[in-house]
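Here the structure comes first, spelled out in C-alpha cells, and everything after it is commentary.
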Amino acid sequence: PVTLSLLSPQAFPLRSLRRRQPTLLVACGPAQNGAVGLVCARHLRSFDYEPTIFYPKRSPDPLHRDFTTQCEKMDIPFLSYLPTEVQLINDAYNAVVDAVLGAEGTQGTEGTEPCAAILTTLRHVRIPIVSLDVPSGWLPGPVGGSGDISPDVLVSLAAPKEVARRFRGRRHFLAGRFVPEELRRKFGLSPPEYPGSDCVVAL
C-alpha cells in the first residue's frame with residue numbers, strides 16, 4: 001500500500017490541479033480496500049495534498065483502527081456524511097479516490113449500505129475518480145453493466161485484474177513492486193520494469 005504515495009504526483013501534479021487548494025476526497029469502504037484508502041490518504045497528506053476522508057462504516061480490525069488513528073494524528077478531516085448534492089463535491093474537490101469496494105465488490109457487497117449510497121454518488125460526480133485495484137461496483141470479467149462508475153485513473157495492486165480490460169480511463173498504474181519473487185513465480189506474474197526507485201509504474 002505504501003506505493004500509493006507516488007500515485008497522485010504522477011497522475012495529478014499539484015501545479016495541474018484546477019482548484020487553488022489541492023483538495024481530494026477519499027471514500028473508504030469497511031473492508032480491505034477501505035484500509036488501502038486510509039493509507040493512501042496518509043501518503044497524499046505527506047505529499048502536500050489536502051485529503052478529506054469519508055469512512056462511514058469503520059472496521060473493528062486493529063490494523064484498520066491504527067490507520068484511522070494515524071490519519072487523525074495527521075489532522076486529516078473525516079466527513080460525517082457524504083453530500084447528496086453532487087455539485088457540492090464537484091465544487092469542493094479536485095478528484096475522488098475510490099477505495100469503497102475494490103475486488104470485494106465481486107462478492108455482491110456493492111448492494112449493501114453504506115456502499116450502495118456512495119456508489120450512487122460516485123456515478124454522478126464530474127471530477128476525476130481514481131479507483132484503487134478494481135473500480136467499485138464493477139462485476140468480474142471483461143464485460144460489466146451500464147451503471148458502473150467511470151474512473152479517470154486506475155491503480156492496480158500487485159497485478160492488474162481481469163476486469164481492468166474494461167478500463168478506458170486516462171491513466172493506468174501498477175503498484176506491485178512489493179510482490180515477492182516467490183509469489184511472482186507461483187502465479188506467473190511478469191511485472192513491467194519499474195523506473196529507478198519508483199514503486200508505481202504507468203501501464
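The figures here come from the full heavy-atom set of this structure, side chains too, leaving out hydrogens, waters and symmetry mates. Note that the structure is a prediction, hence the values are computed from the model and not measured.
- Here CG of Asn90 is found 7.5 Å from CZ of Arg126. Values are rounded to the nearest 0.5 Å.
- The side-chain heavy atoms of Phe47 and Pro51, taken from C-beta on, include no pair separated by under 4.5 Å.
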* Chi angles and distances behind the side chain to side chain contact (heavy atoms under 4.5 Å, CB included) call for Leu132, Asn33 -> CA-CA 7 Å; Leu132 305 184; Asn33 203 243; 4.1 Å; yes
* To do: Take Ile89 and Thr121 through the side chain to side chain contact (heavy atoms under 4.5 Å, CB included) test and state the conclusion after the steps.
  => CA-CA 9 Å; Ile89 298 174; Thr121 300; 3.6 Å; yes
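- Residues Gln70 and Asp66 have side chains that never bring a donor and an acceptor to within less than 3.5 angstrom of each other.
- Heavy-atom minimum distance, Phe167 versus Asp152: CZ-O, 3.6 Å.
- For the pair Asp98 (side chain) and Ser136 (backbone), a donor-acceptor distance under 3.5 Å is present.
- Counting only heavy atoms from C-beta outward, the side chains of Pro135 and Pro151 approach each other to under 4.5 Å.
- Look at Arg20 and Glu50 and you find no salt bridge, because none of the NZ, NE, NH1 or NH2 atoms lies under 4.0 Å from a carboxylate O.
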* Check the pair Val153, His172 against side chain to side chain contact (heavy atoms under 4.5 Å, CB included), reporting the backbone distance first and the verdict last. => CA-CA 6 Å; Val153 176; His172 185 187; over 6 Å; no
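- Side-chain contact between Tyr49 and Leu17: present, with at least one pair of heavy atoms (C-beta onward) separated by less than 4.5 Å.
- The pair Asp133-Lys161 meets the salt-bridge criterion, with a side-chain N (NZ, NE, NH1 or NH2) lying under 4.0 Å from an Asp/Glu carboxylate O.
- Side chains of Val155 and Val130 form a contact here, defined as non-hydrogen atoms less than 4.5 Å apart.
- Residues Ala41 and Val26 approach most closely at CB-CG2, 4.0 Å, considering heavy atoms.
- Contact annotation: the side chain of Leu101 never approaches that of Val134 to less than 4.5 Å [non-hydrogen atoms, C-beta and beyond].
- For Arg42 (side chain) and Ile76 (main-chain N/O), no donor-acceptor pair under 3.5 Å exists by modelled atom type.
- Here the CD atom belonging to Gln21 is positioned 9.5 Å from the CG atom belonging to Asn94, to the nearest 0.5 angstrom.
- A heavy-atom distance below 4.5 Å is found between the side chains of Ile53 and Cys71.
- Summarising the geometry, atom CG belonging to Leu38 is positioned 9.5 Å from atom CD belonging to Glu72; distances are rounded to the nearest 0.5 Å.
- In this structure, Glu85 CD and Asp91 CG are separated by 8.5 Å, a value rounded to the nearest 0.5 Å.
- Take Arg19 and apply the side-chain hydrogen bond (donor to acceptor under 3.5 Å, both in side chains) test, not counting sequence neighbours, and it matches no residue.
- Linking ILVMFWY side-chain heavy atoms closer than 4.5 Å, directly or via other members, places Leu88 and Val125 in two distinct hydrophobic clusters.
- When atom types are taken as modelled, the side chain of Thr23 and the backbone of Ala92 share a donor-acceptor pair closer than 3.5 angstrom.
- To the nearest 0.5 Å, atom CZ of residue Phe54 and atom SG of residue Cys28 are 10.0 Å apart.
- Residues Leu25 and Val97 fail the side-chain proximity criterion, which asks for heavy atoms closer than 4.5 Å.
- Judged purely by atom type and a 3.5 angstrom limit, Arg58 has no side-chain atom pairing as donor or acceptor with the backbone of Pro56.
- In this structure, the side chain of Trp138 does not engage the main chain of Arg166 through any donor-acceptor pair within 3.5 Å.
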* Asked: For Ser150 and Arg168, what are the C-alpha separation, side-chain angles and deciding distance, and is it a side chain to side chain contact (heavy atoms under 4.5 Å, CB included)?
  -> CA-CA 8 Å; Ser150 299; Arg168 297 292 182 268; over 6 Å; no
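- At least one donor-acceptor pair closer than 3.5 Å links the side chain of Arg65 to the backbone N or O of Pro60.
- Side-chain contact between Phe78 and Thr68 is present, with at least one heavy-atom pair separated by less than 4.5 Å.
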